[in-house]
Amino acid sequence: MKIVHSAAALEGLLRQYREEGKSVGFVPTMGALHEGHAALVRRCAAENGVCAASIFVNPAQFDNPEDLRLYPRTPEGDCVLLEEVGADIVFVPSEEEVYPVPDNRVFDFGLSGRVMEGACRPGHFDGVARVVSRLFDLVKPHRAYFGEKDFQQLVLVRRLVEMLQLPVEIVAVATVREPDGLAMSSRNRRLTAEQRVCAAEIFHILRESLLQAEKLSPDGVIRFVTGAVNNVPELRVEYFNIVDGLTLQPVTSWRGPGNIVGAIAVYCGEVRLIDNIRYR
Ligand code: PAF
């Protein structure tokens, strides 16, 4: 596995692989890697001639400076894991390498960008879109892999690819969970032992809400989930929305075309966690 820090070195390496006729798969990450990332890289390595990953904690997507400061950074361990699970290239750029000139682009994702994470973290998806489009420009992947845990991000990255007409296929990979159901996240390592136990309740309650959805309306399920999560010590719901899986707009009935997803953001102490569940 090759570790490169400059855009020029990355492009040189990828050129060689392209000349050999290999398809390029790409997994962008912010590091602090866990089994969820490992699943993305394994799939990427299995489906492409070359698997490139990046590690870059992107300041542009953090609306909260404290969250950026506390974001876990474990580059050595990350590279060990990436090599084990089949990455061929790891791009670990500096901020200057990613943004050689200031990038102030603002992206209009319509109403889908203004709900949930878009509403709670102003500017977050502009930051994600800036870095993802810039990384795609450098890597020029045939396929790029994103986790379903960041459900709204996945939908908006697909939209970004359409808007910019980028020749990349976005591949969604299922959320990887701890044995007790907690969705894997780099932020989990900031939880205390007691908070970690409470955090597992988020998915237990989401799973129980599948049964509630057989008898309650979407609004009833929202009340059930919000009440149950807020009753768990340490947990505080920021939002729980039940939305159309494509438009991300709230649904008021279980009927109608398309899929329906419940997406939640919860503070566990000071740590913000997100998860989601599919109802249909
Ligand atoms: O999901 C993430 O880790 C980040 O949002 C991403 C896609 C790597 C962009 O910084």
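Start at 1 and go down the list; that is how both ligands and their atoms are numbered. Any value given below was found using the heavy atoms of this structure, including those in side chains, with hydrogens, waters and symmetry copies removed. Residue indices begin at 1 and follow the sequence shown.
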(request) Examine the proximity of ligand 1 to V157 and report which part, side chain or backbone, both or neither, has a heavy atom under 4.0 Å away. (result) neither
(message) Distance check, rounded to the nearest 0.5 Å: I242 atom CD1 versus S217 atom OG?
(response) 8.0 Å
Run the salt-bridge test on [X] and [Y] with the 4.0 Å N-O cut-off and return the result as yes or no.
X	Y	value
R114	D108	yes
E117	R272	yes
E35	R42	yes

(message) Less than 3.5 Å apart, any donor N or O on the side chain of Y145 or N48 sitting next to an acceptor on the other?
(response) yes
Tell me, which protein residue and heavy-atom name are nearest [atom], and how many Å apart are they?
atom	value
atom 10 (O) of ligand 1	Q61 OE1, 2.7 Å
atom 3 (O) of ligand 1	M30 CG, 3.8 Å
atom 7 (C) of ligand 1	Q153 NE2, 3.6 Å

(request) Output the list of atoms in ligand 1 that are nearer than 4.0 Å to some heavy atom of V131, sorted by atom number. (result)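 Close to V131: 9 (C), 10 (O).
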